[in-house]
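Okay, so here's the structure we're looking at.
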Amino acid sequence: MKKILASLITLIAMLLIGCNDQKKSADLTKKQIIKPIVISTWNHGLAANDEAWKILVKGGDALDAVEQGVRTAEANPDVQTVGLGGFPDREGHVTLDACIMDHYNNCGSVAFLQHIKHPISVARKVMEETPHVMLVGEGALKFALTQGFQKENLLTEKSKQAYESWLEKSDYKPVINIENHDTISMLALDEEGNLSGACTTSGASWKMHGRVGDSPIIGAGLFLDNEVGAAAATGMGEAMMKTAGSAMVVELMRHGKSPYEACKEVVERIYKIYKGDPDLEWLQVGFIALNKQGEYGSYCLRPGFNYAVQTNTVKNKLINADFKIQ
Ligand code: GLY
């Protein structure tokens, strides 16, 4: 009887110590989470992060932060790969793609949308006001107008001139790099520990009329799982669509990879697909990723891709992503 009692006491003591240790390690993990945090693609990510940070620093929602953040690039006519002033397709039309996703796996998306400066906000409306995830073309425009968005001409004089010069040769070789930015993708983790993401673009310059890239495709241009992390892409959308790129990055993080390692693995898969293909010569792809601990990372195919990071200790700085090939 005494022996049984002694064993019981030992067991209870061990359980209590174990619980305490678990609590300690949970506390430690909690302390180590970097939040809030926002990361976004390219130089135009700096202005976007500034806007997102105003919301995050006040304890606001990651969803509001990413929407407001990327709207800065959409409204800036000097960013010629997003929103107003975006380079047109080969028929001279500016057509926009965007998507947004929140921590409940809600998502909204628009593709091949014309005449609306802020496709990201239309995507949010699709998410919140319709039973659908994605609206395209005329239907997306019609919906946007019912939601109070204004129809406007998005082809600026500067982009029109660039289009006219392109028409002289009509040579389709999209070069995506720092000087010729692509999609803005943004990921944020808010004070509550919730993730959201947004992605918006005018797509590949001089694309075929009707072409839709990765940016409005949940899983390709953007994906997140609030238990794991978030990922988003930039670069030639076809490559991300062939690999479900952003969803893959998130899955790799679920299986223990760091954000950097997960981005690198997917870029390496893309490289393997395109190796020996003449398109590899001008192909650029890049991913950014953020996990639930607020750890972030990025990787791209070739040099030239950078991304902006803002946390309480990192004051909105640009980081050059590591790359696979020269
Ligand atoms: N990543 C933008 C696009 O390919 O459309």
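The analysis underlying the following values was restricted to heavy atoms, covering all of them including side chains, and did not include hydrogens, waters or symmetry mates. Counting starts at 1 for both ligands and their atoms, in listed order.
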Mind checking side-chain contact (heavy atoms from CB on, under 4.5 Å) for Asn76 and listing every partner two or more places apart, or none if nothing turns up? Asp78, Val79
Distance, nearest 0.5 Å, that separates CG of Asn306 from OG1 of Thr41: 9.0 Å
Looking at CG of Asp279 and CD of Glu281, how far apart are the two atoms once the value is rounded to the nearest 0.5 Å? 9.0 Å
Salt-bridge contact Glu238-Lys242 (side-chain N to carboxylate O under 4.0 Å): no
Ring pair (Phe, Tyr, Trp, His ring centres under 6.0 Å) with Tyr260: which of Phe287, Tyr299, Tyr307, Tyr296? Tyr299
For Ser215, the ligand 1 atoms with a heavy-atom partner under 4.0 Å come out as 1 (N), 2 (C)
Met236 to ligand 1: N or O pair under 3.5 Å? no
So the atoms of ligand 1 within less than 4.0 Å of a heavy atom of Gly213 turn out to be 5 (O)
Residue part near ligand 1, for Asp97, under 4.0 Å between non-hydrogen atoms: neither
Those atoms of ligand 1 less than 4.0 Å from some heavy atom in Asp182: 1 (N), 2 (C)
Counting heavy atoms only, which of Thr201, Thr41, Asp214 comes nearest to atom 3 (C) of ligand 1? Asp214
Can you name the atoms of ligand 1, numbered from 1 with element, that are less than 4.0 Å from a heavy atom of Gly203? 5 (O)
Identify whether the distance between the nearest side-chain nitrogen and carboxylate oxygen of Arg124 and Asp64 falls below 4.0 Å. yes
Taking 4.0 angstrom as the limit and counting only heavy atoms of Gly237, give me the atoms of ligand 1 inside it, by number and element. 3 (C), 4 (O)
Taking only heavy atoms of Gly235, which atoms of ligand 1 are found under 4.0 Å from at least one of them? 1 (N), 2 (C), 3 (C), 4 (O)
With sequence neighbours excluded, tell me which residues meet side-chain contact (heavy atoms from CB on, under 4.5 Å) with Ala262. Val249, Leu252, Met253, Lys257
Is it the side chain (CB and beyond), the backbone, both or neither of Ala204 that lies under 4.0 Å from ligand 1, heavy atoms counted? backbone
I'd like to know whether ligand 1 has Arg211 as a neighbour, heavy-atom separation below 4.0 Å. yes
Please say yes or no: joined through hydrophobic side-chain contacts below 4.5 Å, possibly via intermediate residues, are Phe323 and Met240 part of one cluster? no
Check each atom of ligand 1 against the heavy atoms of Thr183 and keep those under 4.0 Å away; list them by number with element. 1 (N), 2 (C)
